[in-house]
Amino acid sequence: MRAVGFFEFGGPEVLQLLDLPEGQPGPGQVRVRVHAATVNPTDTLLRNGSRAQALREVSPPHVPGMDVAGVIDAVGPDNPTDLAIGDKVMAMVDNQGSHGGYRESIVLSADAVARIPEGVSLIEAATLPMNGLTAKQSLDQLALKPGQTLAVTGAAGCYGGYVIQLAKQAGLHVIADASPADVALLRSFGADTVVPRGKDIAAQIRQVVPNGVDALADGSYQCELTLGAVRDGGGYASVRGWSMAQRGIVCHATWVRQYNHRADLLRQLRQCVHDGVITLRVADTYDPAQAAEAHRRLEAGGTRGRLVLVF
């Protein structure tokens with residue numbers, strides 16, 4: 001079975017095609033013939049060693065990838081769901097060791113797998129699970145009420161875009177940052193106000209909301225540069241766990257692996273796609289042999305939507 005992985009940390013060039021054994025589903029598991037695996041920033045951090053601690057006790061090769069979509073081709077005994085062979089499905093993958101999503105076939109717990117939204121391709125569906133669950137987790141942590149104000153940084157990215165769209169569904173007032181080229185995109189997502197991105201982001205947001213926003217979802221990982229935009233006692237969600245005790249602000253670490261085995265939440269996201277709440281964006285597709293090129297493009301910045309490996 002083909003996979004893409006690496007034996008040592010480094011630049012995109014360490015990625016290589018691998019031949020791994022195909023797994024068999026056990027009790028409560030299904031096997032998915034993977035057609036699409038999304039390339040995410042977390043994959044590049046895993047590859048370059050920034051998250052090496054997570055692999056400290058795991059022998060190489062390491063296979064990145066936390067998003068897959070494909071077709072179920074085997075079902076183990078004691079299946080607790082109604083999933084069946086032939087179903088088109090999507091899932092978030094807890095990519096430990098060689099068990100990442102960059103592979104032709106993967107065995108997953110059935111309670112982590114959901115059918116893809118109707119009317120979308122497997123390639124499009126692969127962009128939803130991890131980023132969608134991350135956005136939902138941030139909003140769940142911040143627990144804002146309708147009418148309250150949320151600021152979103154990195155708003156043109158997949159996480160930021162999903163946060164905006166889910167926040168608007170929840171009745172929130174959204175302020176987002178963007179470069180001039182992305183203003184129209186963010187307004188199409190429903191952002192009420194778009195401010196220029198940059199190191200003065202807190203001041204830009206305070207010009208709109210002088211008393212500070214109720215909460216901020218920091219998709220661009222600007223950390224202390226953004227905290228000044230939040231009112232005293234407000235909320236802050238970080239996708240990489242940054243926090244600082246200041247003015248009673250409650251900092252939340254958004255770790256999406258806590259939402260693993262949450263097919264119920266994936267089904268909610270599927271409904272959001274069906275209802276037009278969430279927009280799926282594919283920037284480009286790559287053959288697995290071009291995985292290094294996909295990583296280089298993602299790390300260069302400026303990608304709108306997700307890059308997807310197609311097996």
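We count residues from 1, following the sequence as given.
- Sequence neighbours left out, the pairs with a member in residues 157-169 that pass salt bridge (Lys or Arg N to Asp or Glu O under 4.0 Å) are Lys168-Asp192.
- For Ala202, the side-chain contact (heavy atoms from CB on, under 4.5 Å) partners two or more places apart in sequence, or in a different chain, are Ala229.
- Contact between Val120 and Ala125 at its shortest, heavy atoms only, is CG2-CB, 4.3 Å.
- Between Gln169 and Cys272 the shortest side-chain heavy-atom distance falls below 4.5 Å.
- Under the side chain to side chain donor-acceptor pair (under 3.5 Å) criterion, Glu299 pairs with Arg47, not counting sequence neighbours.
- The ring-ring contact (aromatic ring centres under 6.0 Å, His included) test applied to Tyr236 returns Trp242, not counting sequence neighbours.
- Under the salt bridge (Lys or Arg N to Asp or Glu O under 4.0 Å) criterion, Asp264 pairs with Arg262, not counting sequence neighbours.
- Hydrophobic side-chain contacts under 4.5 Å tie Val308 into a cluster, directly or through other members, with Ile123, Val282, Val310.
- Within the structure, the salt bridge (Lys or Arg N to Asp or Glu O under 4.0 Å) test picks out the following pairs touching residues 2-15 (sequence neighbours left out): Arg2-Glu104.
- Shown here are the salt bridge (Lys or Arg N to Asp or Glu O under 4.0 Å) partners of Arg297, two or more places apart in sequence or in another chain: Asp284.
- In this structure Gln29 satisfies the side chain to side chain donor-acceptor pair (under 3.5 Å) test with no other residue, sequence neighbours excluded.
- Applying the salt bridge (Lys or Arg N to Asp or Glu O under 4.0 Å) test to pairs two or more places apart or on separate chains, those with a residue in residues 195-220 are Asp214-Arg231.
- Within the structure, salt bridge (Lys or Arg N to Asp or Glu O under 4.0 Å) pairs that include any residue of residues 21-31 comprise Glu22-Arg31, Arg31-Asp73 (at least two apart or interchain).
- A heavy-atom distance below 4.5 Å is found between the side chains of Val195 and Val208.
- A search for salt bridge (Lys or Arg N to Asp or Glu O under 4.0 Å) contacts involving Asp111 returns nothing, not counting sequence neighbours.
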